[in-house]
Amino acid sequence: MPSFQTSPGMRDILPPESSRWRAFTQVFADVVEAAGYQQLIPPLLEDLGVFTRIGDATDVVTKEMYDFVDKGDRRVALRPEQTASVCRSFAQHRPVTPWKVFYSGPNFRYERPQRGRYRQFDQVGIEVLGVDDPMLDVEVIALAWEFYEQLGLQQVSLIVNSLGEPDDRSHYVEALRTHFAAAGDALTEQSRITLAKNPLRVLDSKREPDAPFIASAPQITDFYSDEATAHFDAVQAGLRALDIPFTLEPKLVRGLDYYRRTIFEFQGGTLDSAQNALGGGGRYDGLVEALGGPATSGIGFALGVDRTLLACDDEGVFAAEPRDLDAFVVDVVGGIEAAKLTAELRQAGFAADRGYDNRSMKAQMKLANRSNAAVAVIVGEEEVDANTVVVKPMRSGDQQTIPRSELIAYLSGNRNL
RNA sequence: GUGGUCAUAGCUCAAUAGGUAGAGCACCAGGUUGUGAUCCUGGCGGUUGGGGGUUCAAGUCCCCUUGGCCACCCCA
């Protein structure tokens, strides 16, 4: 029995899965960098206040935060998401707008772990600060869409909604409060608690008894101001112009309280469990201000790495593989020759590995085979005496003895072995 | 946090009505004294997640605990 294992909801990403993760973030970076986004690397730890601004009606803040007092008596927390950090960073450094950044890395939420839901989970995402144009909403959504396409996913669906301008939103919230309050005890207890904190979130309930009241609830669309309608119409027109299919879902309300106007979510078609939200985002025009910066409009999205990868598994796409070796050096005369040859090969740009512990040739050949190396470079007594090496292409098995000094040139000239 | 369910070698699983654990894969070593991926032989490997209890006897029953998974919740 091992003395230790990972804490609940924490896990090791082992090879070869780890190389897939790296490829995943690389594809993401390629997509967004091509659109002018640059990477921001915020700290994992922030002042607790940065996150409490996200909203006191969200569990992410009230129940799931990894917060503690550090040795300097500061109230700090492991970030539960990165949007707040980006906004804090903006308020702190005041970069020129539009500020287009992307990020990738782990977040922490103290929840009951499940498949596709971990206490340490990775997200990739982008945020843009300082632009009000609905065409930016379109760009942001389009980039996520493009990313899914690059991965090869075909069963992702996009749902969008608008929460209206802040005033629209508050009027709607009041209407909901009145509507659900009228239901009284017919509403589940959980929903009554949610109602007291944030009526919007009651729409998210999946509890059976709540269903009829949710169905009969007021529609956000009836509360839009002209301004909100214009913005949302423009977003939809833009999505259509780019041939990005979407579904309007007036009852879509996202978890974090800071959203205004456009919000959207991506759902996986294959994992139809409670964990089918692959990613999502929206506008959060008041967040920077709440963090002490100038009134600045913002929009962005975050995509869950784990869930997206699960969706890839289900669709049988994006099975990135680790880099194969070019050569595996088999040395049966002590190991020094292998040390020299691997160093030479690596300096010449070849990926090369070797056997250790002076194992038998048979054992080393097995290692060469397992390593997936293109060729085995074999050195024994005869080769040392003749100053040669044997180059054995593992696929064909058709080996050649060549002068040692010509090894690099030989391999360079026979890349397809 | 609430409820449910599961937990046997590194991995996937077996083990009759409770009688003191097996297989395949993987790994290692041999099968022509220099050469792998097939095949053959052998080997390594488990105080049955951990602790306690019932029993002559528990992987198999009971309790506690740890962890995975599922639903709620929440969200990525």
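Just so we're on the same page: letters track the sequence lines, and every chain starts at 1.
B:C75 atom C1' lies 10 Å from atom CG of A:N276, rounded to whole Å. For the pair A:L278 CG and B:C74 P, the computed distance is 20 Å after rounding to whole Å. Rounded to whole Å, atom C1' of B:C73 lies 11 Å from atom CD1 of A:I193. Counting to the nearest Å, the C1' atom of B:C74 and the CZ atom of A:R119 are 13 Å from each other. With rounding to whole Å, A:E383 atom CD is found 12 Å from B:U35 atom P. Between the C1' atom of B:C28 and the CG atom of A:D357 lies a distance of 13 Å, rounded to the nearest Å. One atom, CD of A:Q5, and another, C1' of B:G10, lie 15 Å apart when rounded to the nearest Å. Between the P atom of B:A76 and the CG atom of A:N107 lies a distance of 10 Å, rounded to the nearest Å.
Between B:C75, B:C70, B:G67, one nucleotide has an atom nearer to the side chain of A:V60 than all others, and that is B:C75. When each of B:C28, B:G34, B:A76 is scored by its nearest atom to the side-chain atoms of A:R117, the top-ranked nucleotide is B:A76. Residue A:R201 places its side chain closer to B:C74 than to any other of B:G36, B:G68, B:C74. With distances taken from any side-chain atom of A:R115 to the nucleotides B:C69, B:G67, B:C74, the minimum falls on B:C69. The A:K63 side chain lies nearest to B:C73 when the options are B:C75, B:A37, B:C73. Nearest to the side chain of A:A363, among B:A29, B:C69, B:C74, sits B:A29. With distances taken from any side-chain atom of A:E111 to the nucleotides B:U35, B:G36, B:A76, the minimum falls on B:A76.
Across all strands shown, B:U12 is found opposite B:A23 as a Watson-Crick or G-U wobble partner, with both distances under 3.5 Å. Here B:U2 sits opposite B:A71 as a Watson-Crick or G-U wobble pair (both hydrogen-bonding atom distances under 3.5 Å). When Watson-Crick and G-U wobble pairs are counted only if both distances are under 3.5 Å, B:U35 pairs with no nucleotide at all. A 3.5 Å limit on both hydrogen-bonding distances identifies no Watson-Crick or G-U partner for B:U48. Applying the Watson-Crick and G-U wobble criteria (two distances, each under 3.5 Å), B:C28 pairs with B:G42.
For the pair A:P113 and A:V379, nearest-nucleotide mapping onto RNA chain B gives the more 5' position to A:V379. Closest-nucleotide positions on RNA chain B for A:R112 and A:K392 were compared, and the one nearer the 5' end corresponds to A:R112.
Residue A:V333 is out of contact with every strand shown, counting any heavy-atom pair closer than 4.0 Å. Nucleic acid contact for A:E265: none, since no nucleic acid atom lies under 4.0 Å from a heavy atom of the residue. Note on A:G380: a base of the nucleic acid sits closer than 4.0 angstrom, heavy atoms only. Nucleic acid contact class of A:Q364 (heavy atoms, under 4.0 Å, all strands): none. In this structure, A:K362 reaches the bases: a heavy-atom distance under 4.0 Å links it to at least one base atom across the strands shown. Note on A:Q399: a base of the nucleic acid sits closer than 4.0 angstrom, heavy atoms only. At the heavy-atom level, A:I378 lies under 4.0 Å from base atoms of the strands shown. Here A:R370 lies in heavy-atom contact (under 4.0 Å) with sugar-phosphate atoms only. Contacts of A:G125 with the nucleic acid, taken as non-hydrogen atoms under 4.0 Å apart, are absent.
The base of B:G1 lies outside donor-acceptor range of the side chain of A:E64, with no N or O pair under 3.5 Å.
Atom CZ of residue A:R88 and atom CZ of residue A:R79 lie 10.5 Å apart, to the nearest 0.5 angstrom.
Comparing the same atom, C1', in B:C11 and in B:G18 gives a spacing of 29 Å after rounding to whole Å. Taking atom P in both B:G49 and B:C6, one finds a spacing of 14 Å when rounded to whole Å. Comparing B:A14 with B:A23, their P atoms are spaced 16 Å from each other, to the whole Å. Nucleotides B:C25 and B:G43, compared at atom P, are 15 Å apart to the nearest Å. Remark: the separation of the P atoms in B:A17 and B:U54 is 26 Å, to the nearest Å. Separation of the P atoms belonging to B:G10 and B:U47 is 9 Å when rounded to the nearest angstrom. Between the C1' atoms of B:A9 and B:G24, the separation comes to 12 Å (whole Å). Between the C1' atoms of B:A29 and B:C44, the separation comes to 10 Å (whole Å).
Ion pairing between a basic and an acidic side chain is recognised when a charged N comes within 4.0 Å of a carboxylate O; A:R404 and A:E337 show such pairing. Contact check on A:D132 versus A:R261 returns a salt bridge, with a Lys/Arg side-chain nitrogen under 4.0 Å from an Asp/Glu carboxylate oxygen. In this structure, A:D285 pairs ionically with A:R283, as a charged nitrogen and a carboxylate oxygen lie closer than 4.0 Å.
Side-chain contact, A:D210 with A:S191: a donor N or O sits under 3.5 Å from an acceptor N or O. Counted by atom type alone, A:E127 and A:T83 present one or more donor-acceptor pairs between their side chains at under 3.5 Å.
Taking the ring centroids of A:F102 and A:Y37, they lie at or beyond the 6.0 Å cut-off. Remark: aromatic rings of A:F147 and A:F24 are close, center separation under 6.0 Å.
A close approach under 4.0 Å does not occur between any side-chain nitrogen or oxygen of A:R395 and OP1 or OP2 of B:A37. One finds a side-chain N or O of A:R359 lying less than 4.0 angstrom from the OP1 or OP2 phosphate oxygen of B:A29.
A side chain to side chain contact (heavy atoms under 4.5 Å, CB included) with A:T401 holds for exactly one of A:V390, A:I378, A:V389; it is A:V390.
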